[in-house]
Participant: 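Pasting in a structure now, in structure tokens, and then I'll have a few things to ask.
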Number of protein chains: 2
Amino acid sequence: MNEQSIPYSPEQYRTPDGAPTDIVVFTITSTQKAGIKKSLPIRSLEVMLIKRKKWPYEGKWALPGGFTLETETVQQCAQRELMEETGVSGLHLEQFNVYSSPGRDPRGWMISHAFFALVQETYVASRRTSDEAADVRLIPVEEALSMELAFDHRDIISDALDKIRLRMMTSTIAKEFLPERFTMSELYQVIQAVVPSFQERNFIRKITSTQSRKGIIEEMRDSKGQLLMSNQYSQRPAQLYRFTDYTPELSIYG
Amino acid sequence: MNEQSIPYSPEQYRTPDGAPTDIVVFTITSTQKAGIKKSLPIRSLEVMLIKRKKWPYEGKWALPGGFTLETETVQQCAQRELMEETGVSGLHLEQFNVYSSPGRDPRGWMISHAFFALVQETYVASRRTSDEAADVRLIPVEEALSMELAFDHRDIISDALDKIRLRMMTSTIAKEFLPERFTMSELYQVIQAVVPSFQERNFIRKITSTQSRKGIIEEMRDSKGQLLMSNQYSQRPAQLYRFTDYTPELSIYG
DNA sequence: AAAATAGTGTCTGTTAGACATTATAAA
DNA sequence: TTTATAATGTCTAACAGACACTATTTT
């Protein structure tokens, strides 16, 4: 390959100083109310932040993330950096936006690719500090949004929150926050933890017996055909369900 | 700034060779049936492609696009490159995916940011060739998907099509393809041009008199309060409507 | 009169939404 | 026996979906 046959050459242009990724890991923590044994827990939507060890924004809270290598996709980078910085791996990451305002990163010209993941609390139980992170913590989202974070990470978390709220109502991502088997109350609580305005008085009935929607979840039975129940959160046992692979197609036109 | 106080330095790492953008401009062309004067046109969803002048993929059809400058966002880059390569400007562009597979671009390590736009045919009437483009043409999407295109542009168009099909059903982007005033048939045809499987026998009634949906569009009246009508496409005049700013919130849970 | 598109009537079964009521087991 | 959560009953108005039918203008 010589200069004449190849009109393009990176040397002649200013190129980016890096292609970082930032990962917004959401989880829902459950806290049992004190003094009451069988009751619904308080559920809180939290985001995983790290305390930076290095310049820039040393000592500030930030999203985990790091620089993409030439040999990987941005998706693979996000997986790798999450593992390296926090010890958490195997999450389902979804890319949702790109941040490219000039000057957003004091290290140079950086175009950042933002991902989000929704996980059960147990998936981030293995979190640990690292070379990059002096601390790794779950912070309630509303609190995180009021903190002074590194870079434009406050905006990124805010955008991610908008996105997962939309997705929570229009897809079955609620399953990412739930165990394989769950009760209607657990599902209802999870939706409310993400979308506080959500309210549906006839929730159980709509999701179980409405023709166009009942395919979303299915009841669970044991080998004898008996309905599986749980009384983990209630006096009266509640029926257990699981998500199917079906997601209804929504339309504003009918 | 010296090396000791700044642990990060782009010089020590391999950095990307560029941050290109690719723009998928969709339009719907209207063709009047021959011999019939007042009839609904045949509408075809088409995508704007350019014929490349330079290496790589010289002479191949490709999406318009180009390299981001240090002084702009990827969004601004997409606007600028679209103008430079095709003469088209002022479109509403939406970023929908990132393409970063190693080896996807023979010029080097390129992480590409893909945008789509939906526009009326008149908006791309000003298209013209340029230094980069030997030809600029509208190609029917199905045909474009069967062509041998430059880079991974076939995948990008395919992903963009999936995205706008979803958005067509769940938002009011149909308005991007339509004039300010339109008839129910025009709206119906536009939806069908994007989502061929769309069928709704009681379309007019649902969108005009269903309580939860009627805020999407509103009927148009002249200064005397008379309903505005059009007989552009029909013997019997059809009522004219316009979109409002309202989009219903969809939910799979009720 | 025929053609082409616009728009309404009417029917049945389903769903939304509100709220009262009953059920089950633990504390 | 009270408490906390689970689940059903009941009612009305709105809506979905199917299809027949009427309306308005040009050719």
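Side-chain atoms are counted along with the backbone in the values below, which use heavy atoms only and exclude waters and symmetry mates. Chain naming here is simple, since letters A, B, ... match the order of the sequence lines and numbering starts at 1 in each. Note that the structure is predicted; figures quoted are calculated from it, not measured.
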Participant: Between dT15(C), dA6(C), dC15(D), which nucleotide gets closest to the side-chain atoms of T210(B)?
Facilitator: dC15(D)
Participant: Provide, to the nearest angstrom, the distance between the CZ atom belonging to F203(B) and the P atom belonging to dG17(D).
Facilitator: 14 Å
Participant: Any donor-acceptor pair under 3.5 Å between the side chain of R205(B) and the base of dG9(C)?
Facilitator: yes
Participant: Salt-bridged, E94(B) to R167(B), with N to O below 4.0 Å?
Facilitator: yes
Participant: Provide the closest heavy-atom pair for T86(A) versus P64(A) in the form atom of the first, atom of the second, distance.
Facilitator: CG2-CB, 4.0 Å
Participant: Nearest whole angstrom, please: distance from the P of dG17(D) to the CZ of R213(B).
Facilitator: 9 Å
Participant: Side chains of D159(A) and Y99(A): do they bring a donor and an acceptor to under 3.5 Å?
Facilitator: yes
Participant: Let's test your reading of the model: under 3.5 Å, does the base of dC19(C) pair with the side chain of N202(A) as donor and acceptor?
Facilitator: yes
Participant: Should the pair F198(B) and Y253(A) be assigned to parallel (<30°), tilted (30 to 60°) or perpendicular (>60°) ring geometry?
Facilitator: perpendicular
Participant: Given dG17(C), dC19(D), dG7(C), identify the nucleotide with an atom nearest to the side chain of R201(B).
Facilitator: dC19(D)
Participant: Rounded to whole angstroms, how far apart are CG on L227(B) and P on dA6(C)?
Facilitator: 16 Å
Participant: Determine whether more than 12 heavy atoms belonging to other residues, nucleotides or ligands lie under 6.0 Å from atom CG of D222(A).
Facilitator: yes
Participant: Quick one: ring-ring contact (aromatic ring centres under 6.0 Å, His included) pairs with a partner in residues 204-251 of chain A, sequence neighbours left out?
Facilitator: F182(A)-F243(A)
Participant: Can you tell me the distance, in whole Å, between the OH atom of Y233(A) and the C1' atom of dT3(D)?
Facilitator: 20 Å
Participant: Nearest whole Å is fine: how far is dA7(D) P from Q239(A) CD?
Facilitator: 6 Å
Participant: Within less than 4.0 Å of OP1 or OP2 of dG17(D), is there a side-chain N or O belonging to K206(B)?
Facilitator: yes
Participant: From CD of E200(A) over to C1' of dA6(D), roughly how many Å is that when rounded to an integer?
Facilitator: 17 Å
Participant: To the nearest Å, give me how far apart CD1 (I252(B)) and C1' (dT15(C)) are.
Facilitator: 17 Å
Participant: Could you go through nucleotides 22-27 of chain D and list every protein N or O atom that sits under 3.5 Å from one of its N or O atoms, giving the distance for each pair?
Facilitator:
unit_1	atom_1	unit_2	atom_2	d
dA23(D)	N3	R236(B)	NH1	2.7

Participant: In this structure, how many angstroms lie between the C1' atom of dT22(C) and the CD1 atom of I204(A), rounded?
Facilitator: 14 Å
Participant: Can you list the residues that meet the ring-ring contact (aromatic ring centres under 6.0 Å, His included) rule with F115(A), with sequence neighbours excluded?
Facilitator: none
Participant: Measure from the side chain of Q211(B), starting at C-beta and using heavy atoms only, and say which of dA14(D), dG17(D), dA6(D) lies closest.
Facilitator: dA14(D)
